[in-house]
Structure formats: structure tokens, C-alpha cells
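Encoded as C-alpha cells, the structure appears first; notes follow it.
Model, not experiment: these values are computed from the prediction.
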Amino acid sequence: MSTFPTRSFSGHMRQPSMSASAASTGQSPALIARVNEKKAELQNLKELRDLSAAMASQMEALEQKLATLSDGTEAIALVLANWHNVLRAINMASSKLPKPSAKAGESSEESVPLPQTLVRIPTEHAPNLQAHADGVAAAEEERE
């Protein structure tokens, strides 16, 4: 014969509520306390998961902001690196000017010549360029 005890299938079905089954079957209070502890632990783990997801999304946003900041910093570094050359060119252009002679009858502002124009920028196209730059910036904002 079989050495395993035979039970009905309905005895193996899961009860709808652990506390209701504990009260009806007389389970130990230690087991009920352990189940309640596990429920509280599960709730804490769910809260931790939600907070971790929120923190991960904040970190991704921070990563994007830092990448933008890094790109801006590189651009500023390039501009600052060129200032040495710009100042040197201005100094060279200024050194070619004749030294003003001190005449008693003239004011010092009128007698000081200005340096040569180093760069000429045409301004007739400036409104068109500004409109184009504004259009590009608006298109980029719509994509984001």
C-alpha cells in the first residue's frame, strides 16, 4: 500500500486571507506576527523601489544637465584660450600707432589716434542671421 497519507484537494487550496485562516484554524500567534512582519517588510521594499526609481530618474536628469554644462564649459574654455591671441593682436596694432606729441594747444582726447580696425563685420545681414538663429533655436526646443 501507499505510505503517504491521503488528503482531499480542498485542503491544499490557498485561503483568501491569512488572518482569517489563522483565526479559523487556530494558528500560533508567532506565525501571525511573522506574516505581519513580512507584510510590513514587503511594503517597505515597495516604497524603497519607488524611491529608487525616482532617484534614478533624477540622476538621469542631472546627467543631462551636467553634459550640457560640460559642453558649455568647453566652449567657454575655447573662447578664453583665444583671448590671449586677441589681446596680442590688439597690442601689435596699437604699437604701430605714432606716439602722440604733447602740444599745449590741443586736448589729449583729440590728439590720441585710434588703432586700426582689426575685423570688419558686415551688419547688413545681421537681421537675417538673427532670424535664422531664432528659428533654429525654436526648432530645437520643439524637438525636446
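Scanning for side chain to side chain contact (heavy atoms under 4.5 Å, CB included) contacts around Met55 gives Met59, with sequence neighbours left out. Shown here are the side-chain hydrogen bond (donor to acceptor under 3.5 Å, both in side chains) partners of Asn91, two or more places apart in sequence or in another chain: there are none.
Cluster membership check: Ile76 shares its hydrophobic cluster with Val86, using side-chain heavy-atom separations under 4.5 Å among Ile, Leu, Val, Met, Phe, Trp and Tyr.
Within the structure, side-chain hydrogen bond (donor to acceptor under 3.5 Å, both in side chains) contacts touching residues 75-89 (residues at least two apart or in different chains) are Asn85-Arg88. Sequence neighbours left out, not one pair with a member in residues 57-81 passes side-chain hydrogen bond (donor to acceptor under 3.5 Å, both in side chains).
Other residues sharing the hydrophobic cluster of Leu31, ordered by chain and number and joined by side-chain separations under 4.5 Å: none, the residue standing alone.
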Without placing hydrogens or testing angles, list every side-chain donor-acceptor pair under 3.5 Å for residues 44-54, not counting sequence neighbours.
unit_1	atom_1	unit_2	atom_2	d
Asn44	ND2	Ala40	O	3.4
Ser52	OG	Leu48	O	2.8

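Taking the charged nitrogens against the carboxylate oxygens, Lys38 and Glu41 do have a contact shorter than 4.0 Å, which makes a salt bridge.
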